[in-house]
Structure formats: structure tokens, C-alpha cells
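Below: the structure, in C-alpha cells.
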Amino acid sequence: MGVIMPYGVAIREAIASNDLAKMESIAEQAKQIVKDQGDLSAALLDLLEAIEALKNKK
């Protein structure tokens, strides 16, 4: 199995597969990405706020 980006679809596919090895592999990949990237949701909110601030300056 190659590397699959563990976004919602990949994680849900791993769960649906009922394949323990696949599920563990995806979980490890997801944990590493979270560790490397931090909180993507918070970063996105910061980005959206910055966009709105720039739009409001015009």
C-alpha cells in the first residue's frame, strides 16, 4: 500500500475496510501529519480572518 493522504476519505475508507493493518498504517500517517502540520483548522481560520481583514480595508 502506498502513502494515502489521511484526510477524511482515506480515514473512513480504512475504517470501512475492517483491515487492522491498513487502519493502523493510516492512523500512524495521520498522527505524523498532525505532528508536522499542527492544527490545520486553526490555521485555516486565521487565513480566512486575514482575507476578511484585507477585504474590509478596501
Side-chain angles (χ1 to χ4, degrees):
M1 180 176 94
V3 174
I4 299 173
M5 292 307 290
Y7 297 106
V9 173
I11 290 172
R12 285 180 175 64
E13 285 177 357
I15 294 167
S17 76
N18 209 33
D19 178 334
L20 181 58
K22 182 176 184 177
M23 293 165 71
E24 290 175 332
S25 175
I26 293 293
E28 287 305 313
Q29 291 176 43
K31 286 192 279 186
Q32 186 61 47
I33 288 172
V34 168
K35 180 181 175 187
D36 293 344
Q37 297 293 322
D39 188 349
L40 181 59
S41 295
L44 176 57
L45 290 175
D46 290 344
L47 175 61
L48 293 172
E49 287 176 9
I51 290 169
E52 282 303 310
L54 286 174
K55 284 182 177 180
N56 290 333
K57 280 187 173 182
K58 293 182 177 184

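Just so it is clear, the model here is predicted, and its values are computed rather than measured.
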Partners passing side chain to side chain contact (heavy atoms under 4.5 Å, CB included) against Q32 (at least two apart in sequence or in another chain): K35, D36
After noting the C-alpha distance and the side-chain angles of S17 and E13, does the key distance pass the side-chain hydrogen bond (donor to acceptor under 3.5 Å, both in side chains) rule? CA-CA 6 Å; S17 76; E13 285 177 357; over 6 Å; no
Closest non-hydrogen atom pair, I26 against A14: CG1-CB, 3.9 Å
Any chance you could measure E28, atom CD, to K31, atom NZ, to the nearest 0.5 Å? 3.5 Å
Partner set under salt bridge (charged side-chain N to carboxylate O under 4.0 Å, His left out) for E24, not counting sequence neighbours: none
How long is the gap from CG on L47 to CG on L44, to the nearest 0.5 Å? 6.0 Å
Rounded to the nearest 0.5 Å, what separation is found between the CE atom of M23 and the CG atom of N18? 6.5 Å
